[in-house]
Q: 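The following block contains the structure, expressed as structure tokens.
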Amino acid sequence: METQSVKLGTPSKQATVSKVRVVVRVRPFLPQEITARNGNSKSCIFLLDLQDNDSSDEVSVHLKDPNTSRNESYRLDSFFDQEDDNVRKIFYREVNSLIPGIFHGFNATVFAYGATGSGKTYTMQGMEEHPGLMPLAMSTILSICQTTGCIAEISYYEVYMDRCYDLLEVKTKEISIFDDKDGQIHLRGLSRVPINTMSEFHQVFSCGIQRRKVAHTGLNDVSSRSHGVLVIAVSTPCDDSSRPVLMGKLNLIDLAGNEDNRRTCNEGIRLQESAKINQSLFALSNVIYALNNKLPRVPYRESKLTRILQDSLGGTSRALMVACLNPGEYQESLHTVSLAARSRHISNVVSSAQKLQTPKEKVDMEAKLQAWLESKGKTKSAQRMGPFASRLVGKTPSSIRSMKKLDYNSSCKVKNSTKDDPSNTKDRGISVTSRNLFNNEDVVDIEQIMLKPTMNLAEESSSKEETKTVENSVDTIGLSPSNERKTAMQSPLRKVLSPISSNIIPEAIKAQFSLSYEPKTPQNVGTPLDKFNAWSSSVKSSLVQEYIEFLNTASREELLGLKGIGSKMTEYIIELRKTSPLKSVYNLFSRAAKGIIE
């Protein structure tokens, strides 16, 4: 066996784009198959130019139906024809180059895909005299670990009936799949076994193989009823002790083959297993279709198989697909090569799995805040805040910017610190602005709603002069709602720390505009719900009174414009106003009922 040296060190932080590499392996004819074909051992899969397989970066694989004249051709990365030892050639040409990256924190995946009976399990597991890709990869990794001091561990699990089970546990144990904050796939509850020698590997791996679900079908004496996954994890210590240990993984996946139940003659539980296998492989084809067509959503979550292959298809792992073909089955081979050819267009952004530690240096947030305030020219505002300045210590400029986004359209809770004065805990409350009752950001305060109907035309014509008068009187009598917002925007920190009052129009300004109706904040209200109900009742009575005043002063056309008032009611309201003005809605309908009775 060839050995290779790996130079350990810090991996490159730059991510690289890697295409999914696809190779074809055509298994030899079995003796019984040659007998059934009357000694005809001609394959339906071949290369036109055999020299292209060694010289060019890609090959043209041709499939010819022996019963018809149909002929198909696909471009793939490499082709391995019917040879007794072509699995070893696949390893040294394709898989061996993926192993050094594992010792630098990268991940890689090799999976065998094909129809049932196409030689996938033989390709991955092999036999004692002809080892497959799994034992060959383990042997190479262990030889490197012996010279570098790295640690190798293995996990082995299966996806059976769309559920994951640990094959290294004596008792059947289901494991769950989840994503971490970085989007990496993890399996909760999956066991790991340290491996130091190949004898230990064969002992542990053979126990897992015996627990994997297999059964006899019409096409295969020992047919895999689940997808088998062998994970070889390598822990590599870094030269710099301040950096964490690098963790790289090699996933070797033996997929179950898609089955035609008309040929396998499956029944009962075998039929259910076949349905789940075909469903998961169909989900795999949907993922490949979505990645090739750059769809906004890739359906990784349609099955457990696509979840575990998420990192290999469009993720951050190097990937190799081995398309296994039966030389005597044209239709099955055509389906397999067609999907394999689409898979080689998928790009993975390969990056190291290394996670940097959080810096341990303590940051002086008070000095950082002071420097930010000085750069923005807001040191004077910070000095005027007095005792409130201590509340901003430890907050970053980004958190202050998020605090500046607070507006007066939301209900605010003003809390007193219980640490400074425990007696203030009873004084907590909620100051709800009246605009929240309408659940609309564009609605102004209720005082401004009732302000417009009571203004005379003369006051509207002289609004500019009155605005100047109000602005000049702000320093002595207070602020109007609009001017208070403008002033608050000039000092963002003051805006954050200043309490919000629901009665923000001073009495002197209200007197200038002759405010007729004013919802007053109830006094001595208990809970926030009681206060909200009191506000609602006050606002309702104010709006009803405003509605009555409108009925007493509106013209015929304006009354007709109201919803629910027709021409007859309009005439009746005008007649009632001639005798005496309306005082309540009840008064209107009682007098109307009295007129009907008379």
Side-chain angles (χ1 to χ4, degrees), residues 24-37 43-45 63 65-68 70 72 111-125 157-165 167 172 209 211-229 253-289 299 301-309 321-343:
V24 171
R25 175 187 178 262
V26 182
R27 71 162 175 83
F29 279 104
L30 301 178
Q32 59 269 26
E33 292 176 340
I34 297 177
T35 304
R37 293 167 59 92
S43 174
C44 63
I45 307 113
L63 295 93
D65 189 355
N67 299 323
T68 65
R70 186 176 179 181
E72 300 288 342
F111 59 99
Y113 174 79
T116 182
S118 59
K120 299 180 301 300
T121 302
Y122 178 87
T123 302
M124 302 305 294
Q125 296 180 8
Y157 65 96
E158 67 176 352
V159 182
Y160 175 71
M161 300 283 284
D162 209 36
R163 294 178 180 270
C164 297
Y165 298 97
L167 294 177
T172 302
I209 292 176
R211 298 188 184 104
R212 186 181 175 187
K213 309 294 188 301
V214 293
H216 172 78
T217 65
L219 296 178
N220 199 345
D221 292 336
V222 184
S223 176
S224 301
R225 313 312 296 165
S226 65
H227 310 292
V229 184
I253 305 175
D254 176 20
L255 297 178
N258 55 299
E259 297 180 341
D260 185 356
N261 290 312
R262 295 170 299 181
R263 300 177 58 200
T264 57
C265 302
N266 289 330
E267 295 179 354
I269 187 63
R270 299 291 167 258
L271 187 62
Q272 298 178 23
E273 293 170 348
S274 178
K276 288 294 184 180
I277 292 172
N278 292 340
Q279 181 181 354
S280 62
L281 295 175
F282 180 72
L284 175 62
S285 65
N286 289 338
V287 167
I288 294 173
Y289 176 82
R301 293 180 178 269
E302 285 190 357
S303 73
K304 294 289 177 58
L305 174 63
T306 50
R307 285 290 304 280
I308 64 177
L309 287 176
M321 173 190 281
V322 181
C324 299
L325 305 179
N326 184 339
E329 296 294 337
Y330 170 79
Q331 198 63 40
E332 292 179 351
S333 300
L334 179 63
H335 179 270
T336 301
V337 175
S338 175
L339 185 136
R342 295 196 303 269
S343 302

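The model shown is predicted, which means the values in this text are computed figures rather than measured ones.
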Q: To the nearest 0.5 angstrom, please state how far the NZ atom of K276 sits from the CE atom of M161.
A: 6.0 Å
Q: What pair of heavy atoms forms the shortest contact from A256 to S226, and how long is it?
A: CB-O, 3.7 Å
Q: Once side-chain contact (heavy atoms from CB on, under 4.5 Å) is applied, do any residues pair with N286, and if so which ones, sequence neighbours excluded?
A: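 side-chain contact (heavy atoms from CB on, under 4.5 Å) list for N286, sorted by chain: F282, P299, E302.
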Q: By salt bridge (Lys or Arg N to Asp or Glu O under 4.0 Å), which residues pair with R25, not counting sequence neighbours?
A: none
Q: Find out whether Y160 and Y165 are in side-chain contact, i.e. whether some heavy atom of one side chain is under 4.5 Å from a heavy atom of the other.
A: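 Yes; the side chains approach each other to less than 4.5 Å.
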Q: Can you tell me how far the CD atom of E72 sits from the CG atom of D65, to the nearest 0.5 Å?
A: 10.0 Å
Q: Can any side-chain N or O of Q272 pair as donor or acceptor with the backbone N or O of I269 at less than 3.5 Å?
A: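 No; judged by distance alone, with no hydrogens or angles, the pair does not exist.
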Q: CE of M321 to CG of L309: how many Å apart, nearest 0.5 Å?
A: 8.5 Å
Q: If you count heavy atoms of other groups shown closer than 6.0 angstrom to CD of E267, is the number above 12?
A: no
Q: If you compare all heavy atoms of L334 against all heavy atoms of L63, which two are closest, and at what distance to 0.1 Å?
A: N-CD2, 3.6 Å
Q: With rounding to the nearest 0.5 Å, note down the distance linking OG in S224 to CG in L255.
A: 10.0 Å
Q: Shortest non-hydrogen contact from P66 to Y330?
A: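 Looking at all heavy atoms of both residues, the closest pair is CD-CB, 4.5 Å.
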Q: Where do R307 and S303 land on the side-chain hydrogen bond (donor to acceptor under 3.5 Å, both in side chains) test, with the steps shown first?
A: CA-CA 6 Å; R307 285 290 304 280; S303 73; over 6 Å; no
Q: Under a 3.5 Å cutoff, is there a donor and acceptor pairing between the side chains of S274 and R270?
A: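 Looking only at side-chain atoms, R270 and S274 do not form any donor-acceptor pair under 3.5 Å.
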Q: Name all residues meeting the side-chain hydrogen bond (donor to acceptor under 3.5 Å, both in side chains) criterion together with R211; count only those two or more places apart in sequence or in a different chain, and write none if there are none.
A: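 Listed in chain order: nothing, the list is empty.
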Q: Determine the minimum heavy-atom distance between G328 and R37, stating which atoms define it.
A: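 Heavy atoms of G328 and R37 come nearest at CA-NH1, 3.7 Å.
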Q: Could you go step by step and tell me if H227 and S280 meet the side-chain hydrogen bond (donor to acceptor under 3.5 Å, both in side chains) rule?
A: CA-CA 10 Å; H227 310 292; S280 62; 3.0 Å; yes
Q: If I compare all heavy atoms of N326 with all of G117, which pair ends up nearest, and what's the gap?
A: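 Closest approach of N326 to G117, heavy atoms only: ND2-O, 4.2 Å.
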Q: Any side-chain heavy atom of H216 within less than 4.5 Å of one from S223?
A: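 H216 does not reach S223 side chain to side chain.
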Q: Can you name the side-chain contact (heavy atoms from CB on, under 4.5 Å) partners of T336, sequence neighbours left out?
A: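 If we apply the side-chain contact (heavy atoms from CB on, under 4.5 Å) test to T336, skipping adjacent residues, the hits are Y113, A323, L325.
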Q: Between CD1 of I34 and CZ of F29, what distance do you get to the nearest 0.5 Å?
A: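 Result: 7.0 Å between the selected atoms.
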Q: Salt bridge or not for E158 and K304, using N-O below 4.0 Å?
A: no
Q: How close do L339 and S343 get, counting heavy atoms only, and between which atoms?
A: O-OG, 2.9 Å
Q: Identify, with sequence neighbours excluded, every residue that meets side-chain contact (heavy atoms from CB on, under 4.5 Å) alongside N258.
A: A115, N278, L281, H335
Q: Working to the nearest 0.5 Å, report the span between CD of E273 and CG of N266.
A: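 The CD atom of E273 sits 8.0 Å away from the CG atom of N266.
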Q: Suppose we screen for salt bridge (Lys or Arg N to Asp or Glu O under 4.0 Å). Which residues come up paired with R212, at least two apart in sequence or across chains?
A: D254
